[in-house]
Amino acid sequence: MNVSVAAAGQIAWVLGIIAWSVIRYPFERRAKRVRVVTDRRSAIEVFGLIAALAGMAFLPGVYVATGFPKFANYTAHVWAVVVGAICFAAAMWIFRRTHKELGRNWSISLQIREKHELISRGPYALVRHPMYTSFMLMAVGQAFLLANWIAGLAGLVGFAILFFLRVDKEERMMLEVFGSRYRDYMDKTKRLIPYLY
Ligand code: SAH
(Lines give C-alpha, C1' and ligand atoms only; values in the text may rest on other atoms or scores of the structure.)
Protein backbone atom coordinates (compact mmCIF):
# COMPACT_ATOMS: atom_id res chain seq x y z
CA MET A 1 0.00 0.00 0.00
CA ASN A 2 2.61 2.51 1.07
CA VAL A 3 4.91 1.46 -1.74
CA SER A 4 2.21 2.38 -4.25
CA VAL A 5 1.48 5.67 -2.45
CA ALA A 6 5.19 6.52 -2.63
CA ALA A 7 5.19 5.59 -6.33
CA ALA A 8 2.15 7.79 -6.96
CA GLY A 9 4.00 10.73 -5.39
CA GLN A 10 7.01 10.08 -7.61
CA ILE A 11 4.86 9.81 -10.74
CA ALA A 12 3.14 13.10 -9.87
CA TRP A 13 6.56 14.75 -9.45
CA VAL A 14 7.74 13.46 -12.87
CA LEU A 15 4.52 14.69 -14.52
CA GLY A 16 5.07 18.09 -12.88
CA ILE A 17 8.61 18.34 -14.24
CA ILE A 18 7.35 17.40 -17.72
CA ALA A 19 4.65 20.09 -17.49
CA TRP A 20 7.30 22.60 -16.37
CA SER A 21 9.47 21.84 -19.42
CA VAL A 22 6.53 21.96 -21.83
CA ILE A 23 5.50 25.40 -20.49
CA ARG A 24 9.04 26.83 -20.55
CA TYR A 25 10.37 25.55 -23.88
CA PRO A 26 8.51 27.85 -26.33
CA PHE A 27 9.27 30.95 -24.21
CA GLU A 28 12.92 30.05 -23.99
CA ARG A 29 13.12 29.76 -27.78
CA ARG A 30 11.31 33.04 -28.36
CA ALA A 31 13.20 35.06 -25.72
CA LYS A 32 16.56 33.90 -27.08
CA ARG A 33 15.88 35.86 -30.27
CA VAL A 34 15.68 39.17 -28.35
CA ARG A 35 18.99 40.94 -27.86
CA VAL A 36 20.35 41.30 -24.29
CA VAL A 37 21.43 44.86 -23.44
CA THR A 38 22.37 44.46 -19.76
CA ASP A 39 23.87 41.29 -18.36
CA ARG A 40 24.40 40.83 -14.60
CA ARG A 41 25.30 37.17 -14.66
CA SER A 42 28.06 36.37 -12.19
CA ALA A 43 29.71 33.33 -10.64
CA ILE A 44 27.34 33.65 -7.65
CA GLU A 45 24.37 33.75 -9.99
CA VAL A 46 25.55 30.60 -11.80
CA PHE A 47 26.11 28.90 -8.43
CA GLY A 48 22.51 29.71 -7.46
CA LEU A 49 21.20 28.27 -10.71
CA ILE A 50 23.23 25.08 -10.22
CA ALA A 51 22.00 24.76 -6.62
CA ALA A 52 18.38 25.10 -7.77
CA LEU A 53 18.91 22.61 -10.59
CA ALA A 54 20.58 20.13 -8.22
CA GLY A 55 17.89 20.41 -5.53
CA MET A 56 14.83 20.63 -7.73
CA ALA A 57 15.80 18.34 -10.64
CA PHE A 58 19.02 16.35 -10.26
CA LEU A 59 18.74 14.93 -6.71
CA PRO A 60 15.00 14.14 -6.90
CA GLY A 61 15.57 12.77 -10.43
CA VAL A 62 18.26 10.38 -9.18
CA TYR A 63 15.96 9.38 -6.32
CA VAL A 64 13.00 8.63 -8.59
CA ALA A 65 15.21 6.74 -11.07
CA THR A 66 17.29 4.68 -8.61
CA GLY A 67 15.75 4.91 -5.11
CA PHE A 68 18.98 6.46 -3.76
CA PRO A 69 19.38 7.45 -0.87
CA LYS A 70 17.16 4.69 0.57
CA PHE A 71 18.16 5.26 4.21
CA ALA A 72 16.33 8.62 4.12
CA ASN A 73 12.98 7.11 3.06
CA TYR A 74 9.96 7.48 5.27
CA THR A 75 6.40 6.20 5.06
CA ALA A 76 4.38 7.87 2.31
CA HIS A 77 0.87 9.11 3.05
CA VAL A 78 -2.03 9.70 0.67
CA TRP A 79 -2.77 13.12 2.17
CA ALA A 80 0.81 14.23 1.56
CA VAL A 81 0.67 13.17 -2.09
CA VAL A 82 -2.62 15.06 -2.49
CA VAL A 83 -1.16 18.22 -0.88
CA GLY A 84 1.98 17.91 -3.03
CA ALA A 85 -0.03 17.49 -6.23
CA ILE A 86 -2.15 20.56 -5.39
CA CYS A 87 1.04 22.62 -4.78
CA PHE A 88 2.48 21.46 -8.10
CA ALA A 89 -0.73 22.18 -10.01
CA ALA A 90 -0.90 25.69 -8.53
CA ALA A 91 2.79 26.21 -9.30
CA MET A 92 2.31 25.22 -12.95
CA TRP A 93 -0.65 27.53 -13.33
CA ILE A 94 1.30 30.50 -11.92
CA PHE A 95 4.43 29.52 -13.89
CA ARG A 96 2.47 29.58 -17.14
CA ARG A 97 0.85 32.93 -16.35
CA THR A 98 4.18 34.58 -15.49
CA HIS A 99 5.66 33.42 -18.79
CA LYS A 100 2.69 34.78 -20.69
CA GLU A 101 3.02 38.16 -18.98
CA LEU A 102 6.81 38.43 -19.16
CA GLY A 103 6.92 37.16 -22.75
CA ARG A 104 9.98 38.50 -24.56
CA ASN A 105 11.28 40.12 -21.33
CA TRP A 106 12.02 36.76 -19.75
CA SER A 107 15.59 35.58 -19.02
CA ILE A 108 16.87 32.61 -17.10
CA SER A 109 19.39 34.95 -15.48
CA LEU A 110 19.74 38.62 -14.55
CA GLN A 111 19.47 40.26 -17.93
CA ILE A 112 17.68 43.18 -19.52
CA ARG A 113 16.58 42.73 -23.11
CA GLU A 114 16.23 45.25 -25.90
CA LYS A 115 13.07 47.40 -25.42
CA HIS A 116 12.55 45.74 -22.04
CA GLU A 117 9.12 46.49 -20.63
CA LEU A 118 8.33 46.71 -16.90
CA ILE A 119 5.50 44.26 -16.28
CA SER A 120 3.14 45.00 -13.38
CA ARG A 121 -0.09 43.32 -14.47
CA GLY A 122 -1.59 39.88 -13.87
CA PRO A 123 0.38 37.97 -11.23
CA TYR A 124 2.92 40.85 -11.26
CA ALA A 125 0.25 43.12 -9.77
CA LEU A 126 0.27 40.97 -6.61
CA VAL A 127 3.96 40.18 -6.11
CA ARG A 128 7.22 41.26 -7.75
CA HIS A 129 8.52 37.71 -8.23
CA PRO A 130 5.58 35.45 -9.06
CA MET A 131 7.78 33.10 -11.09
CA TYR A 132 9.86 32.52 -7.96
CA THR A 133 6.58 32.05 -6.05
CA SER A 134 5.83 29.22 -8.49
CA PHE A 135 9.32 27.73 -7.86
CA MET A 136 8.69 27.92 -4.12
CA LEU A 137 5.36 26.13 -4.51
CA MET A 138 7.09 23.47 -6.62
CA ALA A 139 9.73 22.99 -3.94
CA VAL A 140 7.02 22.67 -1.25
CA GLY A 141 5.18 20.22 -3.54
CA GLN A 142 8.35 18.17 -3.98
CA ALA A 143 8.74 17.91 -0.19
CA PHE A 144 5.22 16.46 0.05
CA LEU A 145 5.43 14.22 -3.04
CA LEU A 146 8.74 12.46 -2.35
CA ALA A 147 8.75 10.42 0.87
CA ASN A 148 12.49 10.86 1.37
CA TRP A 149 14.08 13.42 3.66
CA ILE A 150 16.94 14.24 1.30
CA ALA A 151 15.30 14.12 -2.15
CA GLY A 152 12.14 15.74 -0.79
CA LEU A 153 13.72 18.67 1.05
CA ALA A 154 16.54 19.30 -1.45
CA GLY A 155 14.18 21.43 -3.54
CA LEU A 156 13.53 23.92 -0.74
CA VAL A 157 17.26 24.22 -0.07
CA GLY A 158 18.04 24.74 -3.78
CA PHE A 159 15.22 27.25 -4.18
CA ALA A 160 16.29 29.22 -1.10
CA ILE A 161 19.91 29.41 -2.30
CA LEU A 162 18.89 30.70 -5.75
CA PHE A 163 16.28 33.11 -4.42
CA PHE A 164 18.34 34.73 -1.67
CA LEU A 165 21.47 34.99 -3.82
CA ARG A 166 19.48 36.62 -6.60
CA VAL A 167 16.57 38.71 -5.38
CA ASP A 168 18.45 41.79 -4.10
CA LYS A 169 20.57 41.93 -7.24
CA GLU A 170 17.54 41.54 -9.47
CA GLU A 171 15.69 44.37 -7.73
CA ARG A 172 18.78 46.58 -7.85
CA MET A 173 19.09 45.94 -11.57
CA MET A 174 15.42 46.74 -12.14
CA LEU A 175 15.81 49.95 -10.07
CA GLU A 176 18.80 51.03 -12.17
CA VAL A 177 16.93 50.45 -15.41
CA PHE A 178 13.42 51.62 -14.48
CA GLY A 179 14.19 54.06 -11.63
CA SER A 180 11.19 55.57 -9.87
CA ARG A 181 8.76 53.41 -11.84
CA TYR A 182 10.20 50.31 -10.20
CA ARG A 183 10.39 52.11 -6.83
CA ASP A 184 6.63 52.87 -7.05
CA TYR A 185 5.99 49.29 -8.11
CA MET A 186 7.98 48.07 -5.07
CA ASP A 187 5.84 50.23 -2.80
CA LYS A 188 2.72 48.52 -4.08
CA THR A 189 3.86 44.89 -4.03
CA LYS A 190 5.45 42.23 -1.86
CA ARG A 191 8.18 39.90 -3.11
CA LEU A 192 6.79 36.38 -3.05
CA ILE A 193 3.61 36.04 -1.04
CA PRO A 194 0.79 38.58 -1.49
CA TYR A 195 0.36 40.87 1.56
CA LEU A 196 2.99 38.90 3.56
CA TYR A 197 6.52 38.92 2.20
N1 SAH B 1 11.66 37.74 -10.71
C2 SAH B 1 10.61 37.63 -11.70
C3 SAH B 1 11.15 37.32 -13.09
C4 SAH B 1 12.02 36.10 -13.21
S5 SAH B 1 12.84 35.97 -14.79
C6 SAH B 1 9.61 36.61 -11.24
O7 SAH B 1 9.90 35.85 -10.32
O8 SAH B 1 8.51 36.56 -11.78
C9 SAH B 1 14.22 37.04 -14.50
C10 SAH B 1 14.25 38.25 -15.41
O11 SAH B 1 12.98 38.86 -15.47
C12 SAH B 1 15.18 39.33 -14.90
O13 SAH B 1 16.44 39.18 -15.48
C14 SAH B 1 14.54 40.64 -15.32
O15 SAH B 1 15.11 41.10 -16.51
C16 SAH B 1 13.12 40.25 -15.63
N17 SAH B 1 12.11 40.88 -14.75
C18 SAH B 1 11.96 40.74 -13.43
N19 SAH B 1 10.87 41.42 -12.97
C20 SAH B 1 10.33 42.02 -14.06
C21 SAH B 1 9.21 42.87 -14.27
N22 SAH B 1 8.40 43.23 -13.26
N23 SAH B 1 8.96 43.29 -15.54
C24 SAH B 1 9.77 42.93 -16.56
N25 SAH B 1 10.83 42.13 -16.43
C26 SAH B 1 11.13 41.68 -15.21
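Order of appearance sets the numbers: ligands from 1, and atoms from 1 within every ligand.
Among all protein heavy atoms, the one lying closest to atom 24 (C) of ligand 1 is E117 O, 3.1 Å. Closest protein heavy atom to atom 15 (O) of ligand 1: Q111 O, 2.5 Å. From the protein, the heavy atom lying nearest to atom 4 (C) of ligand 1 is Y132 OH, 3.5 Å. For atom 18 (C) of ligand 1, the closest non-hydrogen atom on the protein side is E170 OE2, 3.1 Å. Nearest to atom 21 (C) of ligand 1 among the protein's heavy atoms is M174 CE, 3.6 Å. Counting only heavy atoms of the protein, atom 5 (S) of ligand 1 lies nearest to S107 O, 3.4 Å.
Residue contacts with ligand 1: W106 is placed with no nitrogen or oxygen under 3.5 Å of a nitrogen or oxygen of the ligand (distance criterion only). Of the polar atoms of I119, at least one N or O is found under 3.5 Å from an N or O of ligand 1, judged by distance alone. Checking only distances, H116 does come within under 3.5 Å of ligand 1, N or O to N or O. Close N/O approach between I112 and ligand 1 is not found [any backbone or side-chain N/O within under 3.5 Å]. Looking at Y124 next to ligand 1, an N or O pair under 3.5 Å apart turns up.
With A31, P123, S109 as candidates, the residue nearest to atom 12 (C) of ligand 1 on a non-hydrogen basis is S109.
Residue-ligand proximity, L110 to ligand 1, at heavy-atom distances under 4.0 Å covers atoms 13 (O).
Looking at L102 against ligand 1, only its side chain comes within 4.0 Å, counting heavy atoms.
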